[in-house]
Amino acid sequence: MADIRRVGVCGAGLMGNGIAQTCASAGFDVTLFEIADAPLKKGMSTIQKSLDKFVEKQKMSPAERDATIQRIRATTDLKELKDCDVVIEAIVENMPAKIELFKSLDGLLAGHAIICSNTSSLCVIEMAAATKRADRVAGLHFFNPVPIMKLVEVVKTIATSEQTVETLFAFARRLGKDPVLAKDTPGFIVNRLLVPYLLYAIRVFEDGLASREDIDKGMKLGCGYPMGPLELLDFVGLDTTYYIAQIMFDEFKDPMMAPPTLLKRMVLAGHYGRKSGKGFYDYGT
Ligand code: NAD
């Protein structure tokens, strides 16, 4: 672990800013890269607000908050990542965009550096194949909200070396996370199990088995889940779930992974859940 000191994060959106914050809180020097100033500013302001909340809740001192922010260097110049020992890619879920970035990073970074993707559903080996360091490429899949959620899936492709996996496990632990190892298949562990469950909840609702409230109450009170499946779908985003389900269905051809008719129609209508103000429930806009 002595070899990881400087961490690069690409993308300052929902996941990227959380990952940058988590790495800086753990004491790493972080370079946060974005394609434009506006999303970079937005990402930095989200980090500031999130750290302010930790201070309000007395989980961090104001001095620690300020030191954490100072450890993050925000930039729109990719070259500033060149001294990083690990770079975590958290840009849009789009393979051509990720491949282009991986190629640029491969040409820029030192030979020992590891490149990771936070992708939820895309093939990590396809990104690794765009580089000359496939043994030093892996998935590092964080969960939202990153500063709070303990799990990180370390995704080993058929080309990732054991040494890379070991380094990433140690790195994840330094971040205060509890890592698990998964193969490079769509959904890894958590979404492979969670997505069919969520899709089945939509089918059950479509069939008129019960009201949305009772389906959610059933799983909360009957199984001890903190959120019911329809509430959780609204939280994750119906568009995101639809997209992941399509990728999983394409790969496995398992009917349980096929997006239900209602999900497709809700996405077409722009009913994405909390983020659009309407999903299975209304949130007011
Ligand atoms: P987001 O849309 O909130 O953020 C993506 C950011 O990437 C945007 O700010 C965009 O400006 C930036 N970007 C786009 N192209 C770029 C480039 N070439 N270089 C640098 N920045 C670029 O998306 P998100 O929800 O943070 O998801 C990011 C990644 O994390 C995706 O691969 C997604 O599958 C994965 N992921 C998402 C979640 C989730 O709950 N949202 C959970 C785990 C993993």
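Computed from heavy atoms alone, side chains included, the values below leave out hydrogens, waters and symmetry copies.
- Linking ILVMFWY residues whenever their side-chain heavy atoms come closer than 4.5 Å, directly or via other members, places F33 and L108 in the same cluster.
- Under a 3.5 Å cut-off, the side chain of E153 and the backbone N or O of V190 do form a donor-acceptor pair.
- Across V87 and C10, no two heavy atoms sit closer than the pair CG1-SG, 3.8 Å.
- Here D184 does not pair with K156 in a salt bridge; the nearest charged N to carboxylate O distance is not below 4.0 Å.
- A182 approaches I189 most closely through the heavy-atom pair CB-CG1, 3.8 Å.
- In this structure, the side chains of I47 and L32 come closer than 4.5 Å at one or more pairs of heavy atoms.
- Neither side chain, T164 nor T167, offers a donor N or O lying under 3.5 Å from an acceptor on the other.
- When all heavy atoms of P39 and A12 are compared, the pair lying nearest together is O-CB, 3.9 Å.
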| request: Determine, step by step, whether M15 and F142 satisfy the side-chain contact (heavy atoms from CB on, under 4.5 Å) criterion, reporting the C-alpha distance in whole Å, the side-chain angles of both residues, the deciding distance to 0.1 Å, and the verdict. | output: CA-CA 8 Å; M15 297 303 290; F142 291 83; 3.9 Å; yes

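- K42 and E34 are not joined by a salt bridge, as no carboxylate oxygen comes within less than 4.0 angstrom of a charged side-chain nitrogen.
- Checked by atom type, the side-chain pair R6/T31 shows a donor-acceptor distance below 3.5 Å.
- When all heavy atoms of C116 and L168 are compared, the closest pair comes out as SG-CD2, 3.7 Å.
- Side-chain atoms of E64 come within 3.5 Å of backbone N or O of S61 as a donor-acceptor pair.
- Residues in residues 193-218 take part in these side chain to side chain donor-acceptor pair (under 3.5 Å) pairs, two or more places apart or across chains: D216-Y281.
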| message | Between D239 and T241, does the side-chain contact (heavy atoms from CB on, under 4.5 Å) criterion hold? Intermediate values first, please. | response | CA-CA 5 Å; D239 51 339; T241 307; over 6 Å; no

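- In this structure, the separation between CE on M227 and NZ on K220 is 8.5 Å, given to the nearest 0.5 Å.
- Ion pairing between a basic and an acidic side chain is recognised when a charged N comes within 4.0 Å of a carboxylate O; K98 and E93 show such pairing.
- E126 has its side chain out of reach of F102: every pair of non-hydrogen atoms, C-beta onward, lies at least 4.5 Å apart.
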| Would I91 and L101 count as a side-chain contact (heavy atoms from CB on, under 4.5 Å) if you check the C-alpha gap in whole Å, the side-chain angles of each, and the deciding distance to 0.1 Å? | CA-CA 9 Å; I91 68 166; L101 180 63; 3.9 Å; yes

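- The CG atom of L51 sits 11.5 Å away from the CD atom of E56 when rounded to the nearest 0.5 Å.
- Of the possible donor and acceptor atoms, none in the side chain of D282 sits under 3.5 Å from a partner among the backbone N and O of G284.
- Without hydrogens or angle criteria, R133 side chain to H112 main chain gives no donor-acceptor distance under 3.5 Å.
- Looking at R71, its side chain does come within 3.5 Å of a backbone N or O of A24 through a donor-acceptor pair.
- If you chain together hydrophobic residues whose side chains sit under 4.5 Å apart, L140 and I148 fall into the same group.
- L232 places none of its side-chain heavy atoms less than 4.5 Å from the side chain of Y225.
- Under the 4.5 Å side-chain criterion, counting only non-hydrogen atoms from C-beta, L109 is in contact with I115.
- Connection of Y243 to L233 is not established within any shared hydrophobic cluster, with ILVMFWY side chains joined at heavy-atom distances below 4.5 Å, either directly or through further cluster members.
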Solution key, residues 246-254 side-chain donor-acceptor pairs under 3.5 Å, sequence neighbours excluded:
unit_1 : atom_1 : unit_2 : atom_2 : d
Q246   : NE2    : Y242   : OH     : 3.4
K253   : NZ     : D250   : O      : 2.4
D254   : OD1    : M256   : N      : 2.9

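- Distance check, rounded to the nearest 0.5 Å: OG1 of T240 to CG of N191 gives 10.5 Å.
- We find that D29 and R5 are not joined by a salt bridge, their nearest charged nitrogen and carboxylate oxygen being 4.0 Å or further apart.
- Side-chain contact, E89 with S117: a donor N or O sits under 3.5 Å from an acceptor N or O.
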| request: Determine, stepwise, if the pair H141 / T119 fulfils side chain to side chain donor-acceptor pair (under 3.5 Å). | output: CA-CA 7 Å; H141 187 229; T119 183; over 6 Å; no

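- The backbone N or O of M127 lies less than 3.5 Å from no partner atom in the side chain of T131, so there is not a single donor-acceptor pair.
- At a threshold of 4.5 Å between non-hydrogen side-chain atoms, the residues Q48 and R65 count as touching.
- No hydrogens or angles considered: nothing links the side chains of H271 and S276 as a donor-acceptor pair under 3.5 Å.
- Donor-acceptor pairing under 3.5 Å is lacking for the side chains of Y272 and D234.
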| request: Could you give me the CA-CA distance, side-chain angles and deciding distance for D178 and R173, then say whether salt bridge (charged side-chain N to carboxylate O under 4.0 Å, His left out) is met? | output: CA-CA 6 Å; D178 209 342; R173 290 192 180 111; 5.2 Å; no

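- In summary, the side chains of T160 and T157 do present a donor paired with an acceptor at a separation below 3.5 Å, with no hydrogens or angles considered.
- Remark: side-chain polar atoms of R265 are paired, donor with acceptor, to backbone N or O of T261 under 3.5 angstrom.
- Residues V165 and I88 share a hydrophobic cluster, clusters being chains of Ile/Leu/Val/Met/Phe/Trp/Tyr side chains in contact below 4.5 Å.
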| field | Chi angles and distances behind the side-chain contact (heavy atoms from CB on, under 4.5 Å) call for T75, L81 | value | CA-CA 9 Å; T75 182; L81 294 171; 5.5 Å; no

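- Counting all heavy atoms, side chain and backbone alike, V55 lies closest to P62 at CG1-CG, 4.0 Å.
- Looking at S50, its side chain never comes within 3.5 Å of a backbone N or O of T46 through a donor-acceptor pair.
- Side-chain atoms of K150 come within 3.5 Å of backbone N or O of G176 as a donor-acceptor pair.
- Rounding to the nearest 0.5 angstrom, the gap separating the CD1 atom in I215 from the CE atom in M219 is 10.5 Å.
- P229 and L198 get closest at one heavy-atom pair: O-CD2, 3.6 Å.
- The CG atom of L175 lies 9.5 Å from the OG atom of S25; values are rounded to the nearest 0.5 Å.
- Proximity of a side-chain donor or acceptor of E231 to a complementary backbone N or O of G228 within less than 3.5 Å is detected.
- Hydrophobic cluster membership differs between I158 and L181, with clusters built from Ile, Leu, Val, Met, Phe, Trp and Tyr side chains linked at under 4.5 angstrom.
- Residue S121 holds its OG atom at 7.5 Å from CZ of F188, rounded to the nearest 0.5 Å.
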